Amino acid sequence: MTAAPERTADLYPTRGATEVATPRQDPVVWAGVDAPGPFSGADLASFERDGFAAVEQLIGPDEVAVYRAELDRLVTDPAVRADERSIVEPASQEIRSVFEVHRISEVFAGLVRDPRVLDRARQILGSDVYVHQSRINVKPGFGASGFYWHSDFETWHAEDGLPRMRTVSVSIALTENHDTNGGLMIMPGSHRSFLGCAGETPKDNYKKSLQMQDAGTPSDEALTRFADEHGIKLFTGRAGSATWFDCNCMHGSGDNITPYPRSNVFIVFNSVENAAVEPFAAPVRRPEFIGARDFTPVR
């Protein structure tokens with residue numbers, strides 16, 4: 001286990017008395033749009049502009065079947081359900097998410113190391129990377145709840161202590177993403193402004209926020225301004241498609257009231273040069289299965 005570095009200056013104040021917008025202080029593509037790797041220069045330029053990049057078929061149908069079977073195994077395993085890393089829906093009591101899947105499952109550990117995944121993270125962040133967070137999200141049909149609008153970095157900065165915006169997420173679809181079953185929505189270009197939210201962080205906030213976001217939620221007025229300025233992009237695609245997005249993108253997803261499930265595996269890579277320090281706006285750190293404190297590079 002690697003010790004956390006010393007606390008650095010807070011470039012992105014949040015969770016104060018008022019909501020405060022701060023211009024981004026960090027690069028988006030850290031090594032520049034000419035950085036070598038799986039993404040083309042055009043892909044990286046688009047990512048820098050919009051904050052996301054979609055890959056139509058990151059993994060093939062046979063691989064999707066393997067990962068889907070592993071997801072199904074995990075969510076039906078009583079031992080996994082009893083583990084604190086499993087989060088359940090408040091209403092149905094069905095599993096909503098399982099965290100730290102790259103440690104629970106060798107199958108998903110292999111996906112984290114897959115060059116199609118890992119090399120893109122390194123290319124965007126310009127360094128070696130470690131896994132800040134991994135999880136499977138299960139959104140079965142007929143009532144699975146969504147994730148309200150938020151910036152991941154706001155939470156990771158406030159509650160996990162990530163100093164800079166040098167973190168990227170990938171969501172890999174294990175079921176088809178229709179335009180009706182609660183797909184990912186992002187406000188393109190919103191990653192250029194950090195929205196510091198109002199209100200202190202309650203102790204053990206993660207226990208509530210993983211089921212329904214409260215602290216770290218932007219105001220309706222701010223969200224309206226962002227949507228008016230940036231618009232909203234809804235991501236659809238077949239199983240095996242992937243969406244890479246910057247840590248500061250304003251994003252969310254709606255409820256799934258269709259019969260068609262939407263499940264994905266979600267991996268967050270952070271630069272080894274951006275290791276977590278003490279939280280910037282929370283009384284205590286979140287558990288390590290949500291915000292890693294092992295900064296060992298993925299190999």
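Computed from a predicted model, the values in this text were never measured in an experiment. Worth knowing before you read on, the calculation uses all heavy atoms, side chains too, and leaves out hydrogens, waters and symmetry mates.
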**Message:** Testing the basics here: between His102 and Val131, what is the closest heavy-atom pair and its distance to 0.1 Å?
**Reply:** CE1-CG1, 3.6 Å
**Request:** From the options Glu159, Glu200, His157, select the one residue that forms a side chain to side chain donor-acceptor pair (under 3.5 Å) with Arg15.
**Result:** Glu159
**Request:** If the plane angle is over 60° it's perpendicular, under 30° parallel, otherwise tilted; pick one for His178 and Tyr260.
**Result:** tilted
**Complete:** dist Ile104:CD1 -> Asp83:CG (nearest 0.5 Å) comes out at 5.5 Å
**Request:** Give the intermediate values and the outcome of side-chain hydrogen bond (donor to acceptor under 3.5 Å, both in side chains) for residues Arg238 and Gln57.
**Result:** CA-CA 8 Å; Arg238 57 184 172 170; Gln57 199 69 48; 2.4 Å; yes
**Asked** Can you find a pair of side-chain heavy atoms, one from Asn177 and one from Phe235, that are under 4.5 Å apart?
**Response** no
**Request:** Give the C-alpha distance, both sets of side-chain angles, the deciding distance and a yes or no for side chain to side chain contact (heavy atoms under 4.5 Å, CB included) between Asp26 and Phe194.
**Result:** CA-CA 11 Å; Asp26 294 307; Phe194 175 75; over 6 Å; no
**Item:** Side-chain ion pair, Arg116 and Glu63, N-O less than 4.0 Å
**Value:** yes
**Message:** Do Tyr67 and Ile136 make a side-chain contact, defined as non-hydrogen atoms from C-beta onward lying under 4.5 Å apart?
**Reply:** no
**Request:** Over 60° means perpendicular and under 30° means parallel, so classify the ring planes of Phe245 and Phe266, tilted if in between.
**Result:** tilted
**Request:** Name the orientation class of the two ring planes belonging to Trp244 and Phe269 (parallel below 30°, tilted from 30 to 60°, perpendicular beyond 60°).
**Result:** parallel
**Message:** Has Asp160 got a side-chain atom pairing as donor or acceptor with Leu162's backbone, closer than 3.5 angstrom?
**Reply:** no
**Nearest-0.5 Å distance, OG of residue Ser263 to CD1 of residue Ile172** = 13.5 Å
**Message:** Under a 3.5 Å cutoff, is there a donor and acceptor pairing between the side chains of Ser127 and Glu273?
**Reply:** no
**Asked** Would His150 and Thr217 count as a side chain to side chain contact (heavy atoms under 4.5 Å, CB included) if you check the C-alpha gap in whole Å, the side-chain angles of each, and the deciding distance to 0.1 Å?
**Response** CA-CA 6 Å; His150 64 286; Thr217 301; over 6 Å; no
**Request:** Answer yes or no: is there an ion pair linking Arg120 with Asp43, defined by an N-O contact shorter than 4.0 Å?
**Result:** no
**Request:** Consider only side-chain N and O atoms of Thr258 and Asn181, and report whether a donor and an acceptor are under 3.5 Å apart.
**Result:** no
**Asked** Do Arg225 and Asp228 meet the salt-bridge criterion of a basic N to acidic O distance under 4.0 Å?
**Response** no
